[in-house]
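Letters go in sequence order (proteins before strands), and every chain restarts at 1. Keep in mind that this is a model prediction, so the values were computed, not measured. All values below come from the heavy atoms of this structure, side chains included, with hydrogens, waters and symmetry mates left out.
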Number of protein chains: 2
Amino acid sequence: MTKAKQQRTLETRARLVAAAQAVIEDVGYEGLRVDQVVKGAGVAKGTFFAHFRDKDALMDQLIGARIDAHLDQLEALPEPQTVVEIVEALLPMMRYMTCERYVFDVILRYSGAAAVAEIGPIANTFGRHAQVIEPWFVHGNFRTDIKPDLISEGVMAFAIQAMSLMFCALHNETDLRARLTLYLDAWLQPRTVS
Amino acid sequence: MTKAKQQRTLETRARLVAAAQAVIEDVGYEGLRVDQVVKGAGVAKGTFFAHFRDKDALMDQLIGARIDAHLDQLEALPEPQTVVEIVEALLPMMRYMTCERYVFDVILRYSGAAAVAEIGPIANTFGRHAQVIEPWFVHGNFRTDIKPDLISEGVMAFAIQAMSLMFCALHNETDLRARLTLYLDAWLQPRTVS
DNA sequence: CTCTAAAATTGACCGCGGTCAGTTTATGGA
DNA sequence: TCCATAAACTGACCGCGGTCAATTTTAGAG
């Protein structure tokens, strides 16, 4: 975890990130080209790859930061007490995650890190997401037959499923909110083993 | 849906597919290069793209065919009666889907088709998968408070979640079988609303 | 201030997926 | 059999992500 980077390094990296955000601003994530970013930052192409392992690593960082901001919002919220409240709480982040097919693909690809040493921003947000929503199920009006962390994992699995189906022609007659509500009703309703 | 292709076309396409399978045989899906495939098939590069929209379309076809073969196995099986039996039934297909990180990424990317006209082999297998397992929940010993098709969707969501976590360093202490069993116990156990 | 080793930066170059104007081959009617 | 038209095929070429040996800049010891 030692950094000890030069001032110049930090400035260059900041310029690259700023340039990337500007490019995304007008052509979207999918339309981003590394050549455009380095041109905007006023550096050579090689410099980009000295700062980011590859183009996806930049995306990981930018998208991860946006997701983190949404998680901050979630934490600031009062704990939702019903399925409808949970869905409303999660929707803004889910809409961002599905703003572009490309963005959702990157998120899926990076949500699991291949090695502990490689845990990136998006992978971290998934761990944090589970932590942020877990308390909702400790004192809420939801099922109590399984542990809160397992409930959390299930909520995330259904959120991903609902988002995936947004890009699917076979299922898009139902919108994101309705689909997630359907899933979470079935997953969260308090029940007793019969 | 009119075909009316020439004999030559079918032969060329078959040679491309055969060459691709041979390449995958010794370098894996991820290592496949279009140049190698066309060299093996004895055609020019342009011919490849006359037969497949892009490299991913070939992957879609090859991987989709393998998944379909697994679904054939599933259909031939007697209906599983317990969570453990369901997990055992699904495991072979899930192991194939996670044989390479690249393969799993392709599957996720193609599992939803952007437009009805573009529904490819993998997207079709997802629809078929839901149909194949749905009967298991009509007469089984599982929850009856929600409809079988919703149970199906949940099973698939958890299967994907379990597979995703296989590539995640944060969670790989639990293996695929154990994780899916944990999820499906929580999802499928018969319950009554309290 | 000077010198040196490490860090940061450069840009020509490469690999590979994908394109398309031009060429060859098949088809079916005269 | 010959010709016209469409279908299939070709390969030089392009865009873009990514590499690396060479060069410039910085830090800090003397």
Side-chain angles (χ1 to χ4, degrees), chain A residues 1-20 23-24 26-63 100-103 105-106 109-110 118 120, chain B residues 1-20 23-24 26-63 100-103 105-106 109-110 118 120:
Chain A
M1 284 293 130
T2 54
K3 284 293 175 66
K5 294 297 172 81
Q6 297 184 4
Q7 181 66 20
R8 182 174 52 149
T9 307
L10 299 175
E11 285 167 2
T12 302
R13 194 184 177 91
R15 283 217 314 283
L16 282 168
V17 169
V23 170
I24 290 166
D26 67 86
V27 297
Y29 289 89
E30 172 131 46
L32 181 141
R33 297 287 170 269
V34 172
D35 280 318
Q36 277 299 309
V37 174
V38 298
K39 192 176 158 193
V43 298
K45 206 172 187 178
T47 301
F48 179 95
F49 292 98
H51 286 265
F52 301 96
R53 183 205 304 270
D54 51 28
K55 181 178 153 176
D56 279 355
L58 169 68
M59 292 299 181
D60 188 18
Q61 174 142 330
L62 294 178
I63 295 172
E100 284 182 40
R101 172 79 224 209
Y102 172 76
V103 169
D105 284 342
V106 171
R109 193 141 27 86
Y110 276 75
E118 297 168 8
Chain B
M1 281 298 127
T2 54
K3 283 295 176 63
K5 295 298 174 79
Q6 297 183 3
Q7 181 66 22
R8 183 174 51 151
T9 307
L10 300 175
E11 285 166 2
T12 302
R13 194 185 176 90
R15 283 218 311 284
L16 283 168
V17 169
V23 170
I24 290 167
D26 67 86
V27 297
Y29 289 89
E30 170 130 47
L32 181 141
R33 296 288 170 269
V34 173
D35 281 317
Q36 276 299 307
V37 174
V38 298
K39 191 177 158 194
V43 298
K45 206 172 185 178
T47 302
F48 178 94
F49 293 99
H51 287 266
F52 301 96
R53 182 207 304 270
D54 50 27
K55 180 179 155 178
D56 279 355
L58 169 69
M59 291 300 181
D60 188 18
Q61 173 141 333
L62 293 177
I63 295 170
E100 284 182 37
R101 172 78 224 210
Y102 172 76
V103 169
D105 284 341
V106 171
R109 193 144 25 88
Y110 276 75
E118 297 169 5

Counting side-chain heavy atoms from CB outward, which of [options] is closest to [X]?
X: B:F49; options: C:dC16, C:dG18, D:dC16; result: C:dG18
X: A:R33; options: C:dG17, D:dG17, C:dA8; result: D:dG17
X: A:T47; options: D:dG17, C:dT9, D:dT10; result: C:dT9

For the backbone of [Y] and the side chain of [X], can you confirm whether one donor and one acceptor N or O come within less than 3.5 Å of each other?
X: B:R33; Y: B:V23; answer: no
X: B:R13; Y: B:H51; answer: yes
X: B:E100; Y: B:G28; answer: no

5'-most contact on DNA chain D: A:D54 or B:V43, nearest heavy atom basis? B:V43

Phosphate-side-chain proximity, [X] and [N], N/O vs OP1/OP2 below 4.0 Å:
X: B:T12; N: D:dA8; answer: no
X: B:R8; N: D:dA8; answer: no
X: A:H51; N: C:dA8; answer: no

When B:V34 and A:A50 are each assigned the nearest nucleotide of DNA chain C, the 5'-most assignment goes to A:A50

Residue mapping more 5' on DNA chain C - nearest nucleotide basis, B:R53 or B:Q7: B:R53

Can you name the nearest heavy-atom pair linking A:M59 to A:Y29, along with the distance? CE-O, 3.5 Å

At less than 3.5 Å, do the side-chain atoms of A:K45 and the base atoms of D:dG17 form a donor-acceptor pair? yes

Is A:D35 paired with A:K39 through a side-chain N to carboxylate O contact shorter than 4.0 Å? no

Whole angstroms only, please: what is the [atom1]-[atom2] distance between [X] and [N]?
X: A:L16; N: D:dG18; atom1: CG; atom2: P; answer: 14 Å
X: A:Q36; N: D:dC16; atom1: CD; atom2: P; answer: 9 Å
X: A:E11; N: D:dT25; atom1: CD; atom2: P; answer: 15 Å
X: A:F52; N: D:dG18; atom1: CZ; atom2: P; answer: 13 Å
X: B:D35; N: D:dC13; atom1: CG; atom2: C1'; answer: 13 Å
X: A:R15; N: C:dT10; atom1: CZ; atom2: P; answer: 8 Å
X: A:E30; N: D:dG15; atom1: CD; atom2: C1'; answer: 15 Å
X: B:F48; N: C:dG18; atom1: CZ; atom2: C1'; answer: 10 Å

Determine the contact category for A:L10: base if any of its heavy atoms lies under 4.0 Å from a base atom, sugar-phosphate if only primed atoms, P, OP1 or OP2 are that close, otherwise nothing. nothing

